Amino acid sequence: MPRINRQYRPQVFGLLQSAITSAIAALIANPKGMALGPFMFSWSTTWLLTWLSMIPVVLLAAPYVRRLTDLIVQRED
């Protein structure tokens with residue numbers, strides 16, 4: 001299986017993290033008690049919309065979140 005170059009590691013991390021987070025958020029946001037077919041359609045469309053919305057937020061915010069984390073958390077030296 002071909003692998004993505006290391007230089008894109010932060011972007012791949014952001015894509016995966018936003019996919020998982022938005023999938024859970026979409027699961028929570030969808031109405032309960034629906035039949036499986038309509039629920040899966042509703043969940044998948046909600047997830048796709050939230051994921052596409054969160055990708056730029058996560059990728060653009062990541063460098064600032066790292067810097068803020070570095071200011072808050074003690075260094076190991």
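All of these numbers come straight from a predicted model, not from anything done at the bench.
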Side chain to side chain contact (heavy atoms under 4.5 Å, CB included) with [X]: which residues, sequence neighbours excluded?
X	result
L48	W51, L52
D70	none
P38	M34, A35
L16	V12

**OP:** Look up atom OG1 in T46 and atom CZ in F41, then write down how far apart they are to the nearest 0.5 Å.
**Re:** 9.0 Å

I'd like to check the side-chain hydrogen bond (donor to acceptor under 3.5 Å, both in side chains) partners of [X]; sequence neighbours left out, ordered by chain and number.
X	result
S42	N30
T21	Q17
Q11	none
W43	none

In the hydrophobic cluster built from side-chain contacts under 4.5 Å, what are the other members alongside [X]?
X	result
I20	I24, I28
V65	none
M54	V57, V58

Original post:
Any chance CG of L71 has more than 12 other-residue heavy atoms, nucleotides or ligands included, within less than 6.0 Å?
Top reply: yes

Original post:
Cluster question for you: counting only ILVMFWY and a side-chain heavy-atom cut-off of under 4.5 Å, with indirect links fine, are L36 and L27 together?
Top reply: yes

Original post:
Can you name the nearest heavy-atom pair linking A26 to T50, along with the distance?
Top reply: CB-OG1, 4.4 Å

Original post:
Do any pairs count as a ring pair (Phe, Tyr, Trp, His ring centres under 6.0 Å) and have a residue in residues 12-35, sequence neighbours left out, and if so which ones?
Top reply: none

